[in-house]
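Accompanying notes for the structure given below.
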Amino acid sequence: MTSETPKEFQDKFGTVGKSYKTFRPTYTEELYSIIDSYCDSKRDLAIDCGCGSGQATVKLAKYFKKVIGFEPSQGQIENAVKSENVDFRLSPAEKIDLPSGSVDLITVATAVHWFDLPVFYQEAKRLLRDNGSLILFTTGFIQILNNDEAQKINDDFRSGTLGDYWAPIIKYVIDGYVDIKPPFENVVRKTISLPKLMSVNDVIGIYSSWSGYASFIKAGNNDILPEVKQNLMNAFKTTDPMAEIVEANFPVYMVLSKKQ
């Protein structure tokens with residue numbers, strides 16, 4: 001283990017763990033095809049750090065003999081997806097109870113910006129075998145493509161209403177992970193799209209899963225989501241919040257590297 005001590009974990013998602021699992025978009029096969037192509041043929045063990053409710057973790061089971069998701073939030077672990085050859089363990093990413101050089105792939109899906117990065121990078125170097133892969137990726141914020149008024153409501157809610165409630169490190173996501181720099185030299189960066197046809201209810205569900213929203217509610221503010229929902233319905237001129245009329249896109253930023 002590294003001798004450095006990770007910072008105390010602050011659970012930003014435990015109170016919205018169920019919403020996170022239900023409403024966050026699932027990653028496309030394109031992303032897992034990129035991961036599959038990037039990794040070499042040794043596929044004994046993959047670990048997913050900061051795995052949340054395990055949406056990305058279970059997808060790795062198709063490519064690796066054993067997958068372990070590590071997550072420090074009890075609220076997320078309780079809502080984890082169940083699958084064969086996948087285990088979930090309550091643990092911070094900066095201190096993983098596995099032998100040195102035992103891991104073929106480390107992934108982090110929409111979470112590494114929350115980590116104590118210097119400590120996590122040291123732990124990743126310890127855990128990975130030679131030529132093992134470290135692949136970090138994040139979903140960016142929802143973009144509404146087919147209604148300018150709705151997109152303005154979307155932007156205003158994220159950056160206006162919730163603006164003071166986002167942790168400063170969310171800037172990593174806003175900037176497309178350009179400042180996420182793994183401890184290896186051979187870094188490859190890719191951006192792919194995650195398009196999704198959604199309802200207004202789905203969009204509100206996405207908002208309810210945001211850490212900024214959790215902080216907003218925790219601060220004692222009244223729930224503004226019913227008002228935002230009505231504004232979106234007005235923008236789309238609909239009375240049916242379940243109609244799939246929202247053409248949305250989520251950019252996905254990938255940072256791929258190998259221990260060599």
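Counting begins at 1 with the first residue of the sequence. Heavy atoms only: backbone and side chains are in, while hydrogens, waters and symmetry mates are out.
- One finds the OG atom of S257 at 11.0 Å from the CD atom of E185 (value rounded to the nearest 0.5 Å).
- Cluster annotation: Y177 and V188 are assigned to the same hydrophobic cluster (Ile/Leu/Val/Met/Phe/Trp/Tyr, side-chain heavy-atom contacts under 4.5 Å, transitive).
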Show, in sequence, the C-alpha distance, side-chain angles and deciding distance for R126 and Q122, and conclude whether the side chain to side chain contact (heavy atoms under 4.5 Å, CB included) test is met. CA-CA 6 Å; R126 182 188 71 80; Q122 283 298 116; over 6 Å; no

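- When side chains are defined from C-beta on, V255 does not count as touching I135, because their heavy atoms never get closer than 4.5 Å.
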How far apart are the C-alpha atoms of Y207 and L225, what are their side-chain angles, what is the distance that settles it, and do they pass the side chain to side chain contact (heavy atoms under 4.5 Å, CB included) test? CA-CA 8 Å; Y207 295 161; L225 288 185; 3.8 Å; yes

Let's go through Y165 and S211 carefully: what are the C-alpha distance in whole Å and the side-chain angles of both, what is the deciding distance for side chain to side chain contact (heavy atoms under 4.5 Å, CB included) to 0.1 Å, and is it a yes or a no? CA-CA 8 Å; Y165 297 93; S211 63; over 6 Å; no

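- One finds no salt bridge joining K196 and E247 here, because no Lys/Arg side-chain nitrogen approaches an Asp/Glu carboxylate oxygen to under 4.0 Å.
- Between C51 and F88 the shortest side-chain heavy-atom distance falls below 4.5 Å.
- Ring pair Y213/F216 is parallel by interplanar angle, where below 30° counts as parallel and above 60° as perpendicular.
- For the pair R129 and D104, the salt-bridge criterion is met [side-chain N within less than 4.0 Å of a carboxylate O].
- Few gaps surround NZ on K82; more than 12 heavy atoms of other groups in view lie less than 6.0 Å from it.
- Without hydrogens or angle criteria, S73 side chain to I77 main chain gives no donor-acceptor distance under 3.5 Å.
- Ring planes of F157 and W210: parallel class, angle under 30° (limits at 30 and 60°).
- Contact record, N249 with P251: ND2-N, 3.8 Å, taken as the closest heavy-atom pair.
- Checked options F115, F70, W114; the residue passing with F120 is F115 (criterion: ring-ring contact (aromatic ring centres under 6.0 Å, His included)).
- In this structure, K152 does not pair ionically with D148, as no charged nitrogen and carboxylate oxygen lie closer than 4.0 Å.
- At least one donor-acceptor pair closer than 3.5 Å links the side chain of S199 to the backbone N or O of D202.
- Looking at heavy atoms from C-beta onward, V81 lies out of side-chain contact with T57 at the 4.5 angstrom threshold.
- I174 and W166 fall within the same hydrophobic cluster, where Ile, Leu, Val, Met, Phe, Trp and Tyr residues are linked whenever their side-chain heavy atoms come under 4.5 Å apart, directly or through other members.
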Side chain to side chain contact (heavy atoms under 4.5 Å, CB included) between T138 and V252: does it pass, once the steps are laid out? CA-CA 6 Å; T138 190; V252 180; over 6 Å; no

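- Looking at D36 and K59, no side-chain N of the basic residue comes within less than 4.0 Å of a carboxylate O on the acidic one, giving no salt bridge.
- The shortest non-hydrogen separation linking F236 to A150 is CE1-CB, 3.4 Å.
- Residues L90 and V86 fall within the same hydrophobic cluster, defined by Ile, Leu, Val, Met, Phe, Trp and Tyr side chains chained together at heavy-atom separations under 4.5 Å.
- For F137 and Y253, the ring centers are positioned 6.0 Å apart or more.
- Interatomic distance, CD1 of I206 versus CZ of R158, reported as 13.5 Å (0.5 Å rounding).
- Around the CD atom of E84, the shell of radius 6.0 Å holds no more than 12 heavy atoms that belong to other residues, nucleotides or ligands.
- Counting non-hydrogen atoms of neighbouring residues, nucleotides and ligands closer than 6.0 angstrom, the OH atom of Y172 reaches no more than 12 such neighbours.
- I34 is listed as a side-chain neighbour of I192, based on a closest heavy-atom distance under 4.5 Å.
- Test N85, D44, D87 against K66 for side-chain hydrogen bond (donor to acceptor under 3.5 Å, both in side chains) and you get one pass: D87.
- Closest of all the heavy-atom pairs between L232 and V200 is CB-CG1, 4.0 Å.
- Around NZ of K65, the count of heavy atoms belonging to other residues, nucleotides or ligands within 6.0 Å does not exceed 12.
- More than 12 heavy atoms of other residues, nucleotides or ligands lie within 6.0 Å of CG in N186, so this atom counts as buried by the packing criterion.
- Side chain of K259 to backbone of D130: no donor-acceptor contact under 3.5 angstrom is found.
- Within the 3.5 Å criterion, the main-chain N or O of I96 finds a donor-acceptor partner in the side chain of E123.
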